[in-house]
Amino acid sequence: MLEHGDLWTLHRRRATWLLLALAVAAYANTLGNGFAYDDNWFIVENPVVTEGRLGEAWTQPSWPQAPQGMGNFRPLVLTSFALEWQLWDGRPVGFHAVNVALHGVVTLLVFLLLSFLLTPPAAWGGAAWFAVHPVHTEAVANVMGRAELYAAAAYLAALLVYLRWRPETGWAPGGRLLVLVFLFLVALSAKEIALTLPLVLVLVEGLSPRKGAGIAALRTTLRREALTFVALGGALAIFVLLRADVLGVVSGRPFTPGMTDFTPWERRLTSLLVWPEVVRLLLVPADLSVDYGPAVLLPARTWAPDVVLGGLLFLAGVVSVPLLARRAPVLALGVAWFLCVFLPVSNLIWPLDVLLAERTLYLPSVGAALALGAMVDLARREWPVRGRRAGAAALALAVTLLMVRTVVRNPTWADTYTVVNTLAHEHPESWVALRARAAGLQRVGALADAADVYDVALRLVPDHYGLLIEAARLRARIGQPEEAERLLLRAVRVLPDHPGAWIELAEQRLRRGEGRGAHAAA
């Protein structure tokens with residue numbers, strides 16, 4: 001006969017395989033997708049990838065021809081793409097297969113983490129929610145989402161090494177420390193969001209129910225792990241210095257469309273209106289968007305109602321952590337995880353180049369999965385057997401609905417045309433949709449209408465460099481050189497050190513016979 005432990009081992013294996021099957025099945029139809037949207041810019045048209053220049057992946061910005069101080073530094077992702085380009089002979093199916101496999105691995109790591117903190121049913125429920133959630137579609141179905149997947153995999157692996165492989169379990173302290181530092185650097189070289197790992201380790205130490213209670217116990221643990229945190233801090237410093245050397249600046253120059261002239265205070269106000277949208281995406285992800293820039297979300301300069309709501313939600317999250325810490329520590333940990341990991345990509349601390357992107361919720365949503373699992377455990381303790389069955393049925397229904405939404409959403413990322421066409425259908429108010437519409441009108445010869453659409457888009461994002469140049473080219477084409485020059489000079493003021501607008505200005509002046517002015521611009 002099977003003992004109780006053997007029986008759980010058998011069930012755990014089945015549960016693990018079922019989780020992996022759920023994660024893969026939810027995104028299996030992405031294998032038919034091609035390269036879409038940013039994939040073309042970062043992969044197909046990037047000689048670092050297509051020509052296998054592996055050394056340049058670690059010495060140049062990951063953004064091809066990025067302006068000084070802009071772009072990003074994702075050397076691990078570029079290296080992977082360069083190797084895969086040769087392996088798959090440039091075919092997108094191989095890239096997508098890697099994404100799906102990585103999501104399956106991350107799901108299993110989430111399950112292992114939740115199993116360390118929750119009962120098996122609660123851990124499985126939280127991991128299943130993570131496996132099929134449609135807010136992860138952008139990270140998995142779009143090849144460029146690879147940065148989120150690599151960062152999450154290494155981040156969670158480091159956390160599990162820290163929690164499970166203590167020196168008292170037989171692991172040599174030096175070996176454990178080397179593995180932790182290595183995984184931390186891997187996560188950082190995939191995406192900068194991994195810099196939150198040391199803080200999350202502190203949160204886990206303070207809020208894990210298996211660590212004892214009280215500040216005194218936390219202090220004892222942190223003293224014991226002091227060398228670990230010093231080593232992680234040193235690894236972070238090395239990465240920051242390497243990144244600064246490549247980009248030319250420490251933090252990078254933000255370029256959020258429609259917000260380049262915002263003061264730091266106005267940026268922080270705008271960042272608050274993101275929080276209600278994030279809560280909606282996690283709880284009711286019926287309406288998804290490829291882009292959340294103007295006018296899907298409109299930047300705010302004052303305390304508008306949605307800004308106030310966002311501020312209240314953020315404040316409620318912060319206040320709930322100490323209130324829940326004693327009675328429901330794992331629930332408090334889930335909330336704290338989400339707040340800690342999402343903050344760097346929320347524009348609240350420092351500005352980014354997007355207001356909100358669904359892919360940035362991939363690693364933060366592990367905290368939401370943890371909170372969901374904690375609530376399942378609370379319900380199991382409080383409810384009678386019949387209530388538990390009802391709760392299990394409700395969770396199963398939610399996972400099923402989320403999976404259906406994911407499967408339906410995945411083809412959105414089939415190619416660039418589908419991405420933009422879907423955005424135009426779902427959010428025609430978006431400046432990205434307007435830009436695509438203007439390009440389409442030009443293709444059919446409706447140049448005057450295209451110019452009007454460009455004007456509407458530029459009212460939403462008056463500082464978008466590429467949009468200004470496109471609109472200027474159209475104005476020159478329809479015989480409005482003065483307006484074209486005005487738009488190009490606006491682009492120059494946005495990025496005075498970038499050559500694109502200067503080159504266009506010189507060419508337009510040359511075509512008008514203004515040799516001296518063309519020479520000056522050149």
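Side-chain atoms are counted along with the backbone in the values below, which use heavy atoms only and exclude waters and symmetry mates.
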Any non-hydrogen side-chain atom of [X] less than 4.5 Å from a side-chain atom of [Y]?
{"X": "F342", "Y": "V274", "answer": "yes"}
{"X": "V246", "Y": "R243", "answer": "no"}
{"X": "V279", "Y": "L313", "answer": "yes"}
{"X": "L447", "Y": "R477", "answer": "yes"}
{"X": "L348", "Y": "F314", "answer": "yes"}
{"X": "L281", "Y": "L361", "answer": "yes"}
{"X": "I193", "Y": "Y155", "answer": "no"}
{"X": "L197", "Y": "Y162", "answer": "no"}

Pair [X]-[Y], side-chain donor/acceptor within less than 3.5 Å:
{"X": "N40", "Y": "T416", "value": "yes"}
{"X": "H136", "Y": "S365", "value": "yes"}
{"X": "T422", "Y": "E426", "value": "no"}
{"X": "S189", "Y": "Y150", "value": "no"}
{"X": "T418", "Y": "D415", "value": "yes"}
{"X": "T79", "Y": "W58", "value": "yes"}

When rounded to the nearest 0.5 angstrom, what distance separates [atom1] in [X] from [atom2] in [Y]?
{"X": "T360", "Y": "E138", "atom1": "OG1", "atom2": "CD", "result": "8.0 Å"}
{"X": "L510", "Y": "L505", "atom1": "CG", "atom2": "CG", "result": "11.0 Å"}
{"X": "W502", "Y": "I469", "atom1": "CH2", "atom2": "CD1", "result": "12.0 Å"}
{"X": "N33", "Y": "Y27", "atom1": "CG", "atom2": "OH", "result": "12.0 Å"}
{"X": "H427", "Y": "L288", "atom1": "NE2", "atom2": "CG", "result": "8.0 Å"}
{"X": "R301", "Y": "L269", "atom1": "CZ", "atom2": "CG", "result": "10.5 Å"}

The single option from R437, Q442, R435 passing side-chain hydrogen bond (donor to acceptor under 3.5 Å, both in side chains) against Y454: Q442
For [X] and [Y], work out which heavy atoms get closest and say how close.
{"X": "L180", "Y": "A158", "result": "CD2-O, 3.1 Å"}
{"X": "A153", "Y": "L109", "result": "O-CD1, 3.5 Å"}
{"X": "L195", "Y": "P198", "result": "O-CD, 3.4 Å"}
{"X": "A187", "Y": "A194", "result": "CB-CB, 3.4 Å"}
{"X": "V93", "Y": "L31", "result": "CG2-O, 3.6 Å"}
{"X": "V296", "Y": "S430", "result": "CG2-CB, 3.7 Å"}

Test side chain to side chain contact (heavy atoms under 4.5 Å, CB included) applied to L297 and D306, step by step: CA-CA 10 Å; L297 294 177; D306 48 0; over 6 Å; no
Give a yes or no on whether the backbone of [Y] and the side-chain of [X] come within a donor-acceptor separation of less than 3.5 Å.
{"X": "N347", "Y": "V354", "value": "yes"}
{"X": "R268", "Y": "I349", "value": "yes"}
{"X": "T270", "Y": "A300", "value": "yes"}
{"X": "H103", "Y": "V24", "value": "no"}
{"X": "T406", "Y": "L402", "value": "yes"}
{"X": "R490", "Y": "P462", "value": "yes"}
{"X": "R146", "Y": "F95", "value": "yes"}
{"X": "D452", "Y": "D449", "value": "no"}
{"X": "N410", "Y": "A141", "value": "no"}
{"X": "W337", "Y": "L363", "value": "yes"}

Ionic contact status for R475 with D455, cut-off 4.0 Å: yes
Under-4.0 Å salt bridge between E470 and R473: no
Residues F42, V143; criterion side chain to side chain contact (heavy atoms under 4.5 Å, CB included); working and verdict: CA-CA 10 Å; F42 282 87; V143 178; over 6 Å; no
Ring center gap for F130 and Y362 short of 6.0 angstrom: yes
Ring centroid separation F184 to F239 under 6.0 Å: no
Intermediate values then yes/no, side chain to side chain contact (heavy atoms under 4.5 Å, CB included), E485 and R512: CA-CA 11 Å; E485 177 127 349; R512 297 198 303 267; 2.8 Å; yes
Side chain to side chain contact (heavy atoms under 4.5 Å, CB included) evaluation trace for L113 with L159: CA-CA 8 Å; L113 174 63; L159 185 55; 3.8 Å; yes
